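What follows is a short report on a single structure.
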Amino acid sequence: MASLRPVVTSVRNGVQHRWSSTLIPTTREAPNDAEVPSHVLLHRAGFIRQVGAGIYDYLPLGHRVINKVAAIVREEMDAAGATEMLMPALEPFELFEGTKRDEAYGDNLFRLKDRKGRLNALAPTHEEVITQLMVGSLTSYKQLPLNIYQIQTKFRDEARPRAGLLRCREFLMKDAYSFHLTVEGPGGLNDTYDAMYRAYTNIFTRCGLDFSAVEAESGPIGGSASHEFMVNCASGEDTVLKCPASGYAANVEKCEIGVRPAPSKGYFVGEPSGALEEVHTPGCPGIDDVCVFMKVKPQHMLKSVLFRATGTPEETAKFGHEYILAVVRGDHDVNEGKVKALSGCTSIAMADPAEAIAKGFAIGFVSPRAAVGKKGVLLLVDRDAATAVDDASGKAKFWVTGGDKKDHHVKHFNWQRDLGKDPLAAGHEGANAGGLRGGDAAMMVGDVRNALAGDPSPRAAGATLVTGRGIEVGHIFKLGTKYSQAMGLSVLTPQQKKETVIMGCYGIGVSRTMAACVEMSHDEFGIVWPVALAPYHVLIVLMKHDDARQREATARLADGLSAAGVDVLIDDRDERPGVKFKDADLIGIPLRITIGDKALEQGGVEYKSRRDTGKGEVIALDAIVEKCVTTLNAK
RNA sequence: CAGGGUGUAGCUCAGCUUGGUAGAGCGUCUGGUUUGGGUCCAGAAGGCCGCAGGUUCAAAUCCUGUCACCCUGACCA
């Protein structure tokens with residue numbers, strides 16, 4: 001039985017797989033609930049199948065792509081000094097209670113009871129688990145810094161899974177956690193954060209993706225600084241803003257706005273555009289409804305959004321206000337992070353409508369006047385809303401805003417005449433000491449809206465921001481001590497003092513990266529994989545699967561390619577040529593070699609790149625391996 | 001969570017308004033034909049009409065409930 005003895009080799013060959021021996025269920029039509037290109041194409045090309053809402057099978061082709069992404073991630077993480085481990089997806093629920101993330105995540109956290117009735121969670125991410133592990137493992141500064149990662153399935157009970165692999169309830173993620181004694185200096189958090197930034201740049205570059213690194217909010221994970229890595233793609237669900245002059249880039253939640261020139265006459269100063277007039281606007285609580293009903297443009301409306309301070313009673317008392325009313329122009333969006341920053345209140349949420357109505361706010365019809373004469377209401381006015389003169393036309397600014405009673409709006413609102421107090425009054429006290437106009441301590445002017453294309457850049461004078469769309473595939477955070485503090489992770493310093501460990505965390509959506517790549521790189525015929533992520537490098541299309549000469553040429557070619565480290569898929573199906581070519585375009589392997597009588601008569605085979613149109617070129621059999629390797633390496 | 005939509009063959013869908021024993025195309029299987037961009041012909045298999053209840057002599061069809069999935073928003077390391 002010598003022939004059955006396993007052959008052990010250290011030579012790294014590419015694989016040779018046969019279409020007829022694997023599962024590649026291509027379809028002519030996609031299921032009707034697939035809408036985005038990546039979902040349609042990954043389904044049609046036989047990479048994925050839906051199992052439930054936000055839950056997918058990764059078929060052999062899909063799995064190979066996932067593994068290629070993961071391999072690149074591993075190489076770059078390892079090269080950056082991180083080491084891999086594996087944590088469980090199933091965790092005792094108490095872990096999340098300890099850090100209050102059961103509340104922070106809310107319904108997004110999968111909960112399940114075991115047979116003993118104990119509550120467990122399916123992990124959406126692993127800060128608690130790894131911090132607990134470190135509490136039992138780290139004792140000395142000598143063990144730091146440390147950067148540990150894993151590639152593992154994550155669970156999030158998304159309110160609305162959508163867009164195929166782009167927003168799933170179960171997905172594959174690489175998450176890394178780093179531990180430090182200091183932020184600055186050698187071995188500090190900043191060192192590792194920068195190393196991860198470089199590693200991520202390497203990873204997504206090697207994947208062949210067109211991406212941007214942008215400044216971001218850190219979200220419920222908490223922490224101080226954060227960057228998102230976004231695949232640039234018109235169909236992306238996130239908006240990013242960039243300054244072409246300085247290279248500054250940020251997502252819309254984070255993006256600062258440069259200096260916006262103040263109105264020529266000053267904030268709030270100017271004559272009314274007409275007599276204040278009440279308009280009956282039945283059933284029109286929204287800006288869009290009112291604009292249609294009253295035939296005004298959104299930029300002539302004042303939008304007032306009510307927030308409530310949600311800190312502890314002590315925190316709210318210290319803050320001094322219970323509600324915050326943010327006013328922006330009707331065509332602008334309130335930015336919650338900027339409301340927090342300007343107000344100085346760190347925990348706020350949209351006010352509960354019922355509660356707000358009970359407090360006298362006519363939700364849906366609120367104007368800035370609603371903040372006047374009530375106790376504990378801070379009024380924040382965006383710079384673009386705090387004007388009374390339209391500098392472009394030189395005329396009085398025409399404002400429509402809420403009537404502060406149900407189903408009514410007012411027009412010709414003027415800040416000085418109609419606010420109910422003098423917005424120019426002196427007395428800049430406390431939180432309002434920023435020097436901007438804004439009446440008393442309960443009123444401020446500043447930046448509380450999302451940045452838009454055309455806004456001044458915050459990093460380069462004279463430059464304006466441009467917008468693009470992106471798909472988030474990576475996110476790095478400086479966590480600080482949020483988890484180490486809560487869970488008691490500390491080490492002894494050289495001075496023999498206990499010091500709380502400083503942490504960072506670094507995520508990559510592995511399965512989402514596959515989908516983002518398809519979103520970015522496809523055409524009307526199918527997927528166009530970059531070489532690095534393609535499930536196979538070369539597809540050999542065997543025209544006559546039972547022709548001896550063609551089979552022999554195919555075998556020789558496949559051996560040559562795989563020996564050179566090239567992954568080969570052989571389409572050996574008994575199908576008509578048209579079917580095979582259509583499927584070849586659909587699954588998007590970078591290089592296609594057709595073996596048929598036509599080219600063989602000339603002693604060659606037909607060679608075609610997926611990106612090229614047309615029929616391809618005939619290459620001599622003894623030159624084709626080198627041609628493929630050269631082309632693949634050049635990409 | 002709010003609003004909207006869809007559940008009929010592996011996939012795309014028709015049939016439902018007006019109740020009468022289940023249809024097409026694609027795919028699959030068989031035989032023939034064809035053989036370089038989703039051939040052509042003939043035949044076959046394949047359905048708890050999402051599930052439960054109700055109305056009726058009779059329900060894919062009407063009514064009630066329920067579940068699932070999708071879209072828009074809210075939400076979202």
Side-chain angles (χ1 to χ4, degrees), chain A residues 25-36 39-40 43-44 46 49-55 101 104-109 123-128 154-164 166-169 171 173-177 216-223 226-229 237-238 251 253 286 288 336 349-350 352-353 472-479 482-483 504-509 512 525-526 541-547 550 571 573-586 592 594-601 605-606 608 613-616 618:
Chain A
T26 59
T27 62
R28 199 187 295 239
E29 287 173 292
N32 66 344
D33 50 15
E35 294 209 340
V36 297
H39 190 188
V40 169
H43 178 102
R44 284 193 54 214
R49 283 294 185 269
Q50 182 166 7
V51 176
I55 310 172
R101 281 216 300 166
Y105 258 100
D107 288 339
N108 269 16
L109 187 61
T125 170
H126 278 74
E127 282 78 8
E128 287 86 357
K154 296 286 191 270
F155 297 88
R156 289 184 195 175
D157 196 0
E158 291 285 347
R160 187 151 89 82
R162 71 182 105 177
L166 291 175
R167 175 148 251 104
C168 277
R169 295 197 296 168
F171 56 98
M173 170 169 163
K174 185 282 300 179
D175 49 326
Y177 306 89
E217 290 289 334
S218 50
I221 245 178
S226 158
H227 283 84
E228 285 175 349
F229 289 76
E237 63 176 351
D238 297 312
N251 72 17
E253 283 78 34
D288 294 341
E336 201 172 309
M350 292 276 286
D352 175 64
E472 178 190 354
V473 289
H475 204 156
I476 58 179
F477 303 84
K478 294 180 185 174
L479 274 184
K482 179 179 162 93
Y483 295 92
C505 78
Y506 319 94
I508 288 180
R512 181 187 273 187
F525 302 110
V541 179
L542 181 55
M543 295 304 293
K544 294 180 182 166
H545 73 289
D546 52 358
D547 179 273
Q550 291 187 17
D571 187 354
R573 295 176 297 169
D574 179 15
E575 284 289 353
R576 296 180 55 81
V579 173
K580 293 189 168 198
F581 291 138
K582 287 287 186 190
D583 275 348
D585 289 343
L586 187 56
R592 188 187 86 190
T594 307
I595 295 187
D597 289 334
K598 278 186 184 175
L600 279 181
E601 298 298 340
V605 293
E606 182 196 300
K608 179 184 170 300
T613 52
K615 292 274 182 188
V618 175

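Source: prediction; values computed, not measured. Chain letters run A, B, ... following the sequence lines, proteins first and then strands; every chain starts at 1.
No contact: A:R49 has no heavy atom under 4.0 Å from any strand. Across all strands shown, A:A159 has heavy atoms under 4.0 Å from base atoms, whether or not it also approaches the sugar-phosphate. Using a 4.0 Å heavy-atom distance criterion, A:E35 is classed as a sugar-phosphate-only contact. Across all strands shown, A:D585 has heavy atoms under 4.0 Å from base atoms, whether or not it also approaches the sugar-phosphate. Looking at heavy-atom distances under 4.0 Å, A:A163 makes contact with sugar-phosphate atoms alone, never a base. If you check every strand for non-hydrogen atoms under 4.0 Å, A:F171 touches a base.
Judged by closest nucleotide on RNA chain B, A:G52 is the one of A:N108 and A:G52 placed further toward the 5' end. Summary of the strand contacts: A:A53 and A:G474 both lie near RNA chain B, and taking for each the nucleotide with the nearest heavy atom, the more 5' one is attributed to A:A53.
A:D571 has its CG atom 15 Å from the P atom of B:G38, to the nearest Å. The interatomic distance linking A:K608 (NZ) with B:G37 (C1') rounds to 11 Å, in whole Å. What separates CZ of A:R44 from C1' of B:G38 is a distance of 10 Å, to the nearest Å. What separates NZ of A:K544 from C1' of B:U35 is a distance of 7 Å, to the nearest Å. To the nearest angstrom, P of B:A68 lies 14 Å from CD of A:Q50. Between A:D238 atom CG and B:C75 atom P there is a gap of 14 Å when expressed in whole angstrom units. Between the CE atom of A:M543 and the P atom of B:U35 there is a distance of 12 Å, rounded to whole Å. Rounded to whole Å, atom P of B:G31 lies 12 Å from atom CG of A:D574.
Within the 4.5 Å cutoff, side-chain heavy atoms of A:L166 are placed close to those of A:R512. Contact annotation: the side chain of A:I508 never approaches that of A:F229 to less than 4.5 Å [non-hydrogen atoms, C-beta and beyond]. Contact annotation: the side chain of A:R167 approaches that of A:E237 to within less than 4.5 Å [non-hydrogen atoms, C-beta and beyond]. A 4.5 Å side-chain heavy-atom check between A:H227 and A:H475 finds every atom pair outside the cut-off.
With hydrogens and angles ignored, the 3.5 Å screen pairs no side-chain donor or acceptor of A:R169 with any backbone N or O of A:F155.
With a cut-off of 3.5 Å on both Watson-Crick or G-U wobble distances, the partner of B:A60 is given as none. Across every strand in view, B:C26 sits in a pair with B:G10 that passes the Watson-Crick or G-U test at under 3.5 angstrom. If you check B:G73 for Watson-Crick or wobble pairing at under 3.5 angstrom, you find it paired to B:C1. Using Watson-Crick or G-U wobble geometry with both donor-acceptor distances under 3.5 Å, B:U21 finds no partner in any strand shown.
For B:U39, the OP1/OP2 oxygens have a side-chain nitrogen or oxygen of A:R576 closer than 4.0 Å. Contact annotation: A:R162 side-chain N/O to B:C71 OP1/OP2 distance is not under 4.0 Å.
By the side chain to side chain contact (heavy atoms under 4.5 Å, CB included) test, A:A159 is found to be paired with no residue, residues two or more places apart in sequence or in another chain being considered. Evaluation of the side chain to side chain contact (heavy atoms under 4.5 Å, CB included) rule for A:V36 yields A:S38, A:H39, A:A163, A:E519 as partners, not counting sequence neighbours. Annotation: side chain to side chain contact (heavy atoms under 4.5 Å, CB included) contacts of A:R160 (sequence neighbours excluded): A:R162. For A:D597, the side chain to side chain donor-acceptor pair (under 3.5 Å) partners are A:K544, A:R549, A:Q550, not counting sequence neighbours. For A:E228, the side chain to side chain donor-acceptor pair (under 3.5 Å) partners at least two apart in sequence or on another chain are A:N251. Checked against side chain to side chain donor-acceptor pair (under 3.5 Å), A:K174 has the following partners two or more places apart in sequence or in another chain: A:Y200. Partners of A:D585 by side chain to side chain contact (heavy atoms under 4.5 Å, CB included), not counting sequence neighbours, listed by chain and number: A:F525, A:R592, A:K608, A:R610.
Taking the P atom of each, B:A52 and B:C57 are spaced 23 Å apart, rounded to whole Å. Using atom P as the reference point in both B:U6 and B:C13, the two lie 12 Å apart (nearest Å). When the C1' atom is used for both B:U28 and B:C75, the distance is 43 Å, rounded to whole Å. For B:A44 and B:A24, the P atoms lie 11 Å apart once the distance is rounded to whole Å. Taking the P atom of each, B:G50 and B:G10 are spaced 13 Å apart, rounded to whole Å. Remark: the separation of the P atoms in B:G23 and B:C63 is 25 Å, to the nearest Å. For the C1' atoms, the distance from B:U21 to B:U8 is 16 Å, rounded to whole Å. For the P atom pair drawn from B:G53 and B:C69, the interatomic distance equals 23 Å after rounding to whole Å.
Listed candidates were B:C76, B:U35, B:C69. Nearest to the side chain of A:E158 is B:C76. Taking the side chain of A:F581 as heavy atoms from C-beta on, and the options B:A74, B:G37, B:G38, the nearest nucleotide is B:G37.
On a pure distance criterion of 3.5 Å, a polar donor-acceptor pair joins the side chain of A:R167 and the base of B:C76.
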Distances for protein N or O near nucleotides 12-16 of chain B N or O, under 3.5 Å:
from  : atom 1 : to    : atom 2 : distance (Å)
B:U12 : OP1    : A:N32 : N      : 2.6
B:U12 : O2'    : A:E29 : OE2    : 3.3
B:C13 : OP2    : A:N32 : ND2    : 2.9

Any protein N or O atoms within reach of nucleotides 27-29 of chain B? Criterion: under 3.5 Å, listing atom names and distances.
from  : atom 1 : to    : atom 2 : distance (Å)
B:G27 : OP1    : A:R28 : NH2    : 3.3

